[in-house]
Every structure is written in structure tokens, then in C-alpha cells.
There are 2 protein chains.
Amino acid sequence: MKALLIVAHGSRREASNQEVRALTESVAARCASDWQAVRCAFLELAPPSIPEALESLVREGASEIVVVPWFLAAGRHVREDIPAEVAKVAADHPEVRIHITPHLGRAQGLAEAVLGLVAASSTLR
Amino acid sequence: MKALLIVAHGSRREASNQEVRALTESVAARCASDWQAVRCAFLELAPPSIPEALESLVREGASEIVVVPWFLAAGRHVREDIPAEVAKVAADHPEVRIHITPHLGRAQGLAEAVLGLVAASSTLR
């Protein structure tokens with residue numbers, strides 16, 4: 001079973017965590033044939049933690065897990081904290097392939113996303 | 001003259017600020033016919049500040065400025081700090097239309113951006 005895990009910072013403001021969960025559902029709806037599980041986890045301030053989510057996916061039978069950092073900048077969280085959290089679980093499950101992609105800020109299509117916001121917002125004025 | 005101003009948090013890590021500047025150039029390259037100036041500003045930790053960037057655009061003759069918050073979550077920065085910084089300048093220039101779009105996390109196309117990262121990363125393994 002192949003799984004995606006979208007990792008966000010986590011917020012005290014539950015509405016922000018819900019935005020991440022909604023994005024996760026949106027990703028899942030677009031890739032169900034390729035990725036049998038699409039989940040999210042939070043570095044801090046909201047459940048589940050990265051180890052909790054990874055362990056859960058392993059228990060469900062994941063043989064490959066791809067972790068996507070939902071961050072715009074490659075700060076300490078992206079460069080150090082997320083890899084460290086992932087490494088802890090990976091060491092316990094050498095049979096599972098766990099891989100971390102570049103952070104969201106490196107994705108293609110973000111310039112278009114900005115222009116989409118501008119266009120949508122202009123039609124509302 | 002119509003201008004876009006992309007507002008990011010700003011980082012002590014200059015490489016993260018450079019990622020924002022690169023994104024700004026990428027947006028500018030895609031919309032030069034509609035938006036004659038595309039700039040970025042930072043809420044803190046890096047220049048220019050939001051008021052500095054807005055005042056500069058006004059001096060250059062901007063009649064309309066659209067501000068795009070480069071944030072994934074609608075935390076305090078998006079809901080309070082950016083509007084407050086923008087309002088300070090807007091009050092001094094009632095002849096300029098200044099508008100703030102929803103934050104990047106609300107944009108269309110982010111689920112596709114995530115799947116693009118996953119696909120690009122898979123081909124490298």
C-alpha cells in the first residue's frame with residue numbers, strides 16, 4: 001500500500017488545522033488510484049504528530065510512504081525537524097520505504113496560484 | 001499603473017527570502033501585460049517592509065495595488081498584521097485603490113502542486 005503524508009506546522013487556531021485537513025482531502029480525491037492513503041500530520045500544536053501518523057500508516061500496511069512538507073520556506077522545520085521526526089520512525093521499520101519531497105514552496109504552479117487569487121479577487125470587487 | 005505586492009513573513013535565513021523574490025519574478029514574467037509592477041515585501045526580518053514597498057509603488061504612480069499574502073494559514077499575521085500595515089499607508093493615499101486578496105492557502109491548484117512535488121520526487125528515486 002502506498003501512502004502520502006502531508007506535514008504542516010500545526011496551529012493553536014483550529015481553523016488553520018482544518019484548512020490542512022481540507023487540502024489533504026482534496027489531494028486524496030485527485031490521486032486515489034495511485035495513493036491508497038493520503039493523510040496529514042502536524043509538527044506541533046495539533047494531532048496527529050508525524051510519528052503517530054507514520055506508525056498508523058505502517059500498521060495499515062503501507063510499504064511506501066511519501067512525506068510532503070506543507071511549508072513555503074525551507075527553514076529549520078523543513079531542513080531539520082521534519083527529517084528528524086521521520087528518521088525516528090524509519091529506523092524502526094526498515095522494510096518500509098519512506099521518502100521526503102521538497103517543501104511546497106518549491107512546487108511548480110505557485111505563480112499561477114498567486115495569479116488565480118488575484119483574478120478571483122478582482123471579479124469580486 | 002497597476003501593481004501586485006506579494007507579502008511574505010520574512011526570514012533570518014536569506015535563502016528563504018530569496019525564494020520569495022524568485023517567486024515574485026516568476027509571477028511578474030507571467031502577468032507583465034496586466035500588472036506593470038510586481039514586487040514583494042516582508043512583514044518582518046527582511047526589507048522592504050510593507051509600508052516601504054507600498055509607498056514606493058505609490059511614488060512610481062500606482063493607481064491600484066493588489067496585495068497577496070504569501071502564507072499558507074490565516075493566522076494572526078494574515079488576519080490582523082498585514083491589514084494593519086496596509087491600512088496605515090492606504091489612509092495617506094485615498095486616491096490609490098489598495099486591496100488584499102485571500103492568503104495563498106486559499107488558492108486553487110495547491111492540491112495539484114502537492115501531487116507535482118510527489119511525481120517529480122518519484123522520478124528522482
Side-chain angles (χ1 to χ4, degrees), chain A residues 2 4 6 8-13 15-20 22-31 34-35 38 40 64 66-76 78-79 97 99-122 124-125, chain B residues 2 4 6 8-13 15-20 22-31 34-35 38 40 64 66-76 78-79 97 99-122 124-125:
Chain A
K2 289 171 63 183
L4 291 185
I6 296 166
H9 185 280
S11 172
R12 287 186 182 81
R13 184 172 172 268
S16 292
N17 301 327
Q18 285 296 352
E19 286 187 46
V20 176
L23 177 278
T24 302
E25 289 179 17
S26 176
V27 171
R30 283 168 170 75
C31 70
D34 292 324
W35 300 89
V38 181
C40 59
E64 177 177 356
V66 174
V67 176
V68 184
W70 182 245
F71 287 73
L72 287 176
R76 188 172 45 81
V78 165
R79 289 174 296 130
R97 288 173 60 189
H99 171 77
I100 306 175
T101 73
H103 61 290
L104 180 71
R106 284 284 163 84
Q108 299 293 312
L110 296 186
E112 288 78 5
V114 166
L115 289 171
L117 280 174
V118 172
S121 155
S122 294
L124 295 175
R125 274 179 287 169
Chain B
K2 292 170 63 183
L4 291 186
I6 296 167
H9 186 280
S11 172
R12 285 187 184 83
R13 185 173 170 269
S16 292
N17 302 327
Q18 286 296 353
E19 287 189 44
V20 176
L23 177 279
T24 302
E25 290 179 15
S26 176
V27 171
R30 282 168 171 74
C31 71
D34 292 326
W35 301 89
V38 180
C40 60
E64 178 177 355
V66 174
V67 176
V68 184
W70 182 248
F71 287 73
L72 287 176
R76 187 173 46 80
V78 166
R79 287 175 296 128
R97 287 173 61 190
H99 171 77
I100 306 175
T101 73
H103 61 290
L104 180 71
R106 283 288 163 80
Q108 299 293 312
L110 296 186
E112 288 78 5
V114 165
L115 290 171
L117 281 174
V118 172
S121 156
S122 293
L124 295 176
R125 273 179 288 168

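First the proteins, then the strands, lettered A, B, ... as listed; each starts at 1.
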Shortest non-hydrogen contact between A:W35 and B:V118, atoms and distance: CZ2-CG1, 3.4 Å
- request: Please report the closest heavy-atom contact between A:L104 and B:A113, naming both atoms and the distance.
  value: CD1-CB, 4.1 Å
Evaluation steps, side chain to side chain contact (heavy atoms under 4.5 Å, CB included), between B:L4 and A:L115: CA-CA 10 Å; B:L4 291 186; A:L115 289 171; 4.0 Å; yes
message: Shorter than 4.5 Å, heavy atoms on both sides: which option in B:L72, B:V114, B:T101 has the most such pairs with chain A?
response: B:L72
- prompt: Side chain, backbone, both or neither: which part of A:Q108 has a heavy atom under 4.5 Å from chain B?
  reply: backbone
query: Which answer fits A:H103, side chain, backbone, both or neither, if we ask what part of it has an atom under 4.5 Å from a heavy atom of chain B?
result: both
Which atoms of A:R12 approach chain B - backbone, side chain, both or neither, heavy atom under 4.5 Å: neither
message: I need the B:S26 OG to A:E112 CD distance, nearest 0.5 Å.
response: 6.5 Å
- line: Okay, A:S11 and chain B: the region with an atom under 4.5 Å from a heavy atom over there is neither
task: Could you check which of A:G109, A:A29, A:A74 has the highest count of heavy-atom pairs closer than 4.5 Å to chain B?
output: A:A74
message: Nearest 0.5 angstrom please: B:R79 CZ to A:S16 OG, how far?
response: 7.0 Å
Residues B:L110, A:L110; criterion side chain to side chain contact (heavy atoms under 4.5 Å, CB included); working and verdict: CA-CA 8 Å; B:L110 296 186; A:L110 296 186; 3.8 Å; yes
- request: Spell out, as yes or no, whether a donor-acceptor pair under 3.5 Å connects the side chain of A:R13 to the backbone of B:R76.
  value: no
- prompt: Side chain, backbone, both or neither: which part of A:L117 has a heavy atom under 4.5 Å from chain B?
  reply: both
